[in-house]
Amino acid sequence: MDIIDLHCDVLARMHKAKGKIPFADSKDLDVTFEKLKQGGVRIQAFAIFVSPSIKSDEKFQVALDQIHYFYTEVIGKNPQMKALKTWDDFDQLQDGQIGAFLTLEGVDCIGNDMQKLSILRELGVLSIGLTWNNANLAADGVGEERGAGLTAFGKEIIQFCNENNILSDVSHLSERAFWDVMDIAHFPIASHSNSQTLCTHRRNLTDEQATELFKKNGLIHVVYNPPFVVEKGDASISDLIAHIDHFCSLGGVHQIGLGSDFDGISEKITNLEDASMHPALINELLTRYSEDEVKGFAFQNFLDHRPGRQAVL
Ligand SMILES: [Zn+2]
């Protein structure tokens with residue numbers, strides 16, 4: 001079964017290693033071309049993530065460096081990997097190709113310069129999360145004690161996303177910023193978050209937040225990071241599926257997807273340790289849900305709710 005994974009951090013890993021880890025088949029990466037192929041991943045999102053520890057005036061260059069690795073190492077050296085730069089490109093994938101697209105995790109790297117955001121869009125960014133865990137000029141992330149919402153600049157960015165058919169990712173936002181985004185975003189998504197009802201981690205969504213996302217035609221992609229799956233101890237595939245069950249109970253059966261966070265997490269769910277192992281999750285889902293429902297979680301729900309495919313509420 002084809003799979004679309006909405007979040008991985010392999011570009012940040014490659015940047016840290018100065019491009020010296022081969023994307024094709026490195027043992028050190030959770031996401032490689034070989035592992036995507038083995039795992040049946042048809043489309044992989046590649047996050048641009050610039051660490052808050054990088055000096056402000058170097059951040060945009062770091063983002064560009066990660067995009068460089070995407071086009072040279074991921075796409076350039078693996079002829080079957082195909083860059084997807086528009087939502088229509090998702091329908092043009094040929095048999096045997098694996099699609100890859102860019103997302104932005106935190107807008108720190110653009111400073112206060114909207115032109116830099118246009119450049120990132122031109123280079124293929126299709127989803128933007130305003131923050132990682134820290135605060136920036138657009139909004140507060142979930143780790144910022146102040147817990148404020150969007151700034152005027154943050155609102156301008158959501159407007160830009162609306163006008164350019166870019167997803168607005170709420171996964172790392174403070175709760176107040178989440179509600180501000182939901183007020184104005186045409187294409188909201190949580191690319192890698194689970195349910196707070198089952199695991200009270202700050203990165204997870206309350207039932208009110210999940211319900212609002214479903215009401216606004218948004219998507220929630222469940223994340224494979226054990227601390228976001230269970231309160232403590234090891235996490236199993238069943239524990240992850242409990243989050244899918246819970247989101248289904250809130251009416252989200254057609255709006256749930258997958259967002260592994262591979263290469264951004266140090267702990268792993270047992271039997272779901274890298275991109276080659278997605279079939280273990282799919283097989284377990286098939287024992288509990290209909291084939292159509294599982295296809296929905298794996299890829300179809302996302303395709304159906306892409307910008308341009310849904311009525312704007
Ligand atoms: Zn993240």
Side-chain angles (χ1 to χ4, degrees), residues 4-16 29-31 41 43-54 59 62-63 66-67 69-70 100-110 120 125-136 138-144 147 154 157 161 166-175 177-178 181 185 188-196 199-206 209-210 213 218-230 235 240 243 256-269 272-275 302:
I4 299 182
D5 177 5
L6 253 282
H7 194 87
C8 80
D9 281 313
V10 70
L11 295 180
R13 298 264 326 261
M14 289 165 67
H15 177 259
K16 218 171 167 189
L29 298 175
D30 300 336
V31 177
V41 179
I43 296 176
Q44 177 69 54
F46 289 77
I48 301 161
F49 169 66
V50 181
S51 165
S53 64
I54 300 201
K59 283 182 175 168
V62 171
Q66 292 185 16
I67 295 172
Y69 292 129
F70 177 77
F101 69 102
L102 289 167
T103 66
L104 181 62
E105 186 168 39
V107 298
D108 309 37
C109 66
I110 68 163
L120 295 181
V125 168
L126 289 174
S127 173
I128 294 174
L130 293 180
T131 69
W132 184 62
N133 292 334
N134 55 309
N136 58 28
D140 279 5
V142 73
E144 168 58 54
I157 293 172
C161 290
I166 295 171
L167 295 169
S168 292
D169 189 352
V170 299
S171 267
H172 278 271
L173 289 176
S174 75
E175 182 153 4
F178 167 91
V181 168
I189 183 172
S191 68
H192 55 309
S193 292
N194 291 336
S195 166
Q196 279 228 12
C199 174
T200 55
H201 196 284
R202 67 185 187 185
R203 276 276 287 98
N204 286 342
L205 300 163
T206 64
Q209 289 177 305
L213 273 162
L219 293 143
I220 300 175
H221 286 241
V222 295
V223 55
Y224 306 177
N225 189 19
F228 305 172
V229 177
V230 288
L240 178 65
H243 288 265
I256 296 166
L258 308 175
S260 70
D261 211 357
F262 281 139
D263 284 309
I265 55 178
S266 47
E267 295 169 57
K268 303 289 173 58
I269 291 176
L272 195 53
E273 282 107 356
D274 65 47
F302 181 76

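Just so we're clear, the structure is a prediction, and the values are computed from it rather than from any experiment. Here, residue 1 is the first one in the sequence, and each next residue gets the next number. Whatever order the structure lists them in is the order used to number ligands and atoms, beginning at 1.
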Distance-only donor-acceptor hits, side chain of residues 128-135, under 3.5 Å, sequence neighbours excluded:
{"from": "Asn133", "atom 1": "OD1", "to": "His172", "atom 2": "ND1", "distance (Å)": "2.7"}
{"from": "Asn134", "atom 1": "ND2", "to": "Asp108", "atom 2": "OD2", "distance (Å)": "2.9"}

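Taking 2.8 Å as the limit, the number of protein N, O or S atoms around the Zn ion (ligand 1) is 3.
For the pair Asp5 (side chain) and Ser260 (backbone), a donor-acceptor distance under 3.5 Å is present.
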Phe302 vs Ile189, side-chain contact (heavy atoms from CB on, under 4.5 Å): CA-CA, chis, key distance, verdict: CA-CA 10 Å; Phe302 181 76; Ile189 183 172; 4.0 Å; yes
Check against side-chain contact (heavy atoms from CB on, under 4.5 Å), Val10 and Asp30: CA-CA 8 Å; Val10 70; Asp30 300 336; over 6 Å; no
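With sequence neighbours excluded, the residues forming a side-chain contact (heavy atoms from CB on, under 4.5 Å) with Ala45 are Phe101, Thr103, listed by chain and number. For Phe70, the ring-ring contact (aromatic ring centres under 6.0 Å, His included) partners are Phe46, not counting sequence neighbours.
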